[in-house]
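These figures come from a predicted structure and were not determined experimentally. First listed ligand is number 1; within each ligand, the first listed atom is number 1.
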Amino acid sequence: MKVSQETEKRITEMLSEMTVEEKIGQMQQISYESYRPEVFERFRALGAGSFLHVLGEEADRIREQAKQTRMKIPPIFGIDAIHGHSLCNGAVIFPSQLAVACAWNPTLVEEMGRVAAREVNADGLDWVFSPVLCLGRDTRWGRVDETFGEDPYLAGTLGKAITKGYEEDGLVAACLKHYIGYGEATGGRDSYDTEVSIRKVRETFLPVFRRAVQAGASSVMTAYGSISGVPMTLHKELLRDILKEELGFEGFVVTDWYNIQSLRTNQKAVESFHDGVRLAVEAGNDMSMNTYRFYDSAIQQVKEGKLSMEVVDEAVRRILRVKFSLGLFDPDKKRLSRNVIGSAEHIAVNHKLTRESLVLLENDGILPLKTKPHRIAVIGPNADDIRAQYGDWTFFSHPDAAPEDCKPLSDYYTILRGVKTVFSDSEVVYAKGCHIMDETSDAMLEEAVALAESADIIIAVIGDCLKQNGEGRDRANLELSGRQNELMYLLKKTGKPVITVLVNGKPLCIGEAVKNSNAVIETFNGGDLGGLCAAELIAGNFNPSGKLPISFPRSSAQTPCYYNQYAGWHGGKYMDVEAGNLYDFGYGLSFTSFAYANPVISSDTANAGDVLTVSADVTNTGDTDGYETVQLYYNDRYSSVLTPEKQLCGFSKVWIKAGETVRVEIPLEVNGLALIDAQGKTVLEAGVFDIMIGGNLNSLQSMELTVESTSIL
Ligand code: NOJ
């Protein structure tokens with residue numbers, strides 16, 4: 001987001017003309033579905049600054065009405081376009097953020113942002129509440145599916161890419177959320193307190209936001225929760241001092257849903273509603289989502305001299321800046337035609353990204369299938385369930401759940417349809433086998449097993465369902481629910497090969513299911529084309545390349561199990577669970593194999609500000625062309641505060657033909673090796689660092705780098 005000096009001058013003039021009511025009106029956002037019609041009407045007539053969850057023609061009507069107000073300030077329409085313009089039936093539904101993170105492909109993720117921006121713009125809207133920059137480190141949390149996984153470097157890289165995709169063409173504004181530490185609430189429970197220090201925020205969570213702010217994000221959303229007991233909505237240090245001053249963020253901050261009202265009703269941090277309103281604005285929130293009493297209270301407090309006009313002016317300036325940068329004041333502003341929604345060009349981007357989002361977790365050699373099977377049994381609760389496959393944040397779940405018989409208007413593929421399409425010469429039979437949440441009868445299991453026995457191969461599709469993911473749907477138990485493990489055991493007992501396809505929001509404890517499978521493919525929530533791409537992978541139409549952006553625990557209580565924890569000295573394992581994760585961050589198989597040789601770092605000494613190059617020869621040692629994601633990690637051997645033994649600091653995804661060797665080079669910014677010291681300063685400490693390169697965490701080749709002098713950055 002960028003505006004000229006001239007625009008800033010114009011905003012100053014506007015501020016001098018606006019009444020208190022008009023200014024506070026700009027700071028009010030109203031949701032379409034949650035109010036009585038008369039409340040909605042009131043704000044529509046007075047020209048509220050923003051509306052959310054309004055689609056298509058309703059947005060046009062509100063926009064026209066704003067033209068009748070004295071200042072004629074256009075509203076900005078926000079929408080939860082979380083994986084594509086996903087609340088709009090007919091738009092391209094991409095895989096979830098967690099799924100696309102498996103592609104480790106910033107270029108394609110940027111494209112995904114661009115596609116969503118085009119579809120949202122064509123639908124008459126201006127602002128996407130995306131990306132989610134929370135880290136998915138506690139997998140009990142219900143919103144892990146919305147994250148780019150557990151690692152700050154990977155999430156920062158993809159967050160920056162998608163923000164660029166949203167913003168670059170000036171079609172929509174992005175919204176970085178949820179600021180900050182929201183995913184880390186105690187016990188993995190949504191909206192609870194996050195017990196971390198500001199030092200920890202700076203070390204782990206802030207870098208992700210910093211990179212997306214630098215990519216030009218127009219807005220940031222305040223998290224529901226609190227940081228060490230201070231509600232985020234009132235966190236002046238994090239909102240004003242760090243986000244706006246230190247990071248130089250020039251856009252505006254919007255609260256999350258009812259945050260201001262919750263200060264009194266849920267968090268009990270203020271005794272009176274008015275105090276909540278005033279303190280939230282003073283802390284740095286520029287727009288109030290919902291909490292519609294904000295409007296009257298803020299006006300009253302400005303008039304009584306309790307809420308300073310200067311603070312209000314600054315908030316309104318930030319909002320107007322974004323409106324100008326989007327060209328909303330331009331009377332000739334053209335939107336893209338609605339024909340771009342669901343266009344072939346957009347579907348092609350989705351197809352590419354979905355293919356790269358799949359992770360092959362296990363393969364005993366069965367994949368790719370060598371011969372076309374005569375009869376395929378597709379069995380499992382998620383084989384033909386597009387709701388489970390889409391995951392959260394589509395028209396099936398928001399703003400109101402769509403009716404049972406609602407069908408997507410896009411050309412969507414469940415796994416069953418994907419298999420039928422790709423294996424059009426085979427006979428494909430299907431049984432659900434069991435339910436995920438409801439009771440399953442013996443007869444249901446028996447019917448599926450009988451069908452499986454009649455086939456040459458079994459494709460088992462298991463995982464979780466919509467009700468097990470999302471806000472307020474945290475899980476204490478990450479095991480496969482219902483009788484899914486039993487189903488897998490019975491399928492294996494048939495003696496037929498079992499290819500398991502996982503359709504799930506987040507890592508589950510799938511150890512038992514893995515034992516009963518010849519191959520396992522993780523799709524997470526694969527969107528419109530998840531089913532097609534899974535079947536294409538099974539047929540060998542492409543070589544899988546996805547790598548996990550998140551670790552898989554063996555047992556529920558092992559979570560959090562993210563890879564970059566600090567070392568302890570009692571082994572870090574539980575006495576009653578096998579040591580280590582089931583799958584580590586960065587893991588994923590291919591139909592080929594890669595070998596690494598001759599790792600070199602461009603200098604073995606460095607200082608602050610240097611950018612080095614780390615390189616290695618990577619050979620495709622198999623007979624299939626494929627992508628390899630080369631990963632770069634570092635370890636600060638001795639540091640004044642604890643640091644992880646391995647921390648990702650770079651990666652490069654390269655296409656390597658069978659039998660060929662490619663010299664892969666990855667830049668290493670030495671400032672990226674800095675830590676946050678006990679005083680909260682960013683310091684690059686002198687000493688030896690291990691720089692490690694390889695295809696996954698457990699097979700890295702290491703080099704030494706000496707940082708010669710300590711620098712405060
Ligand atoms: C609540 C969610 O936390 C946030 O992610 C979303 O954008 C807003 N509501 C608006 O729906």
Non-hydrogen atoms of E146 versus ligand 1: any pair closer than 4.0 Å? no

Answer side chain, backbone, both or neither: which part of L52 comes under 4.0 Å from ligand 1, heavy atoms only. side chain

Can you tell me which portion of H398 lies within the under-4.0 Å heavy-atom range of ligand 1? Options are side chain, backbone, both, or neither. neither

Going by the rule salt bridge (Lys or Arg N to Asp or Glu O under 4.0 Å), which residues pair with R210 if we only count those two or more places apart in sequence or in a different chain? none

Per-atom contacts of ligand 1 with [X], taking only distances under 4.0 Å to non-hydrogen atoms:
X: K177; result: 4 (C), 5 (O), 6 (C), 7 (O)
X: H178; result: 3 (O), 4 (C), 5 (O)
X: F129; result: 7 (O)
X: E471; result: 1 (C), 2 (C), 3 (O)

Do R264 and F273 form a cation-pi contact, if we require the NZ or CZ to be under 6.0 Å from the six-membered ring centre and within 45 degrees of the ring's axis? no

Can you see whether Y192 has R189 sitting over its ring - NZ or CZ less than 6.0 Å from the centre and within 45° of the normal? yes

What residues, two or more places apart in sequence or in another chain, satisfy side chain to side chain donor-acceptor pair (under 3.5 Å) together with K200? E203, T204, Y566

Test your reading of the structure: does [X] have an N or O sitting under 3.5 Å from an N or O of ligand 1?
X: R143; result: yes
X: D80; result: yes
X: H53; result: yes

Measure up the F396 and Y390 rings against each other and bin them: parallel (under 30°), tilted (30 to 60°), perpendicular (over 60°). tilted

Measure up the W127 and F252 rings against each other and bin them: parallel (under 30°), tilted (30 to 60°), perpendicular (over 60°). perpendicular

Are W141 and Y182 close enough that their ring centres sit under 6.0 Å apart? yes

Carboxylate-amine/guanidinium contact R114 E168, below 4.0 Å: yes

In this structure, atom 8 (C) of ligand 1 is nearest to the protein heavy atom D256 OD1, 3.3 Å

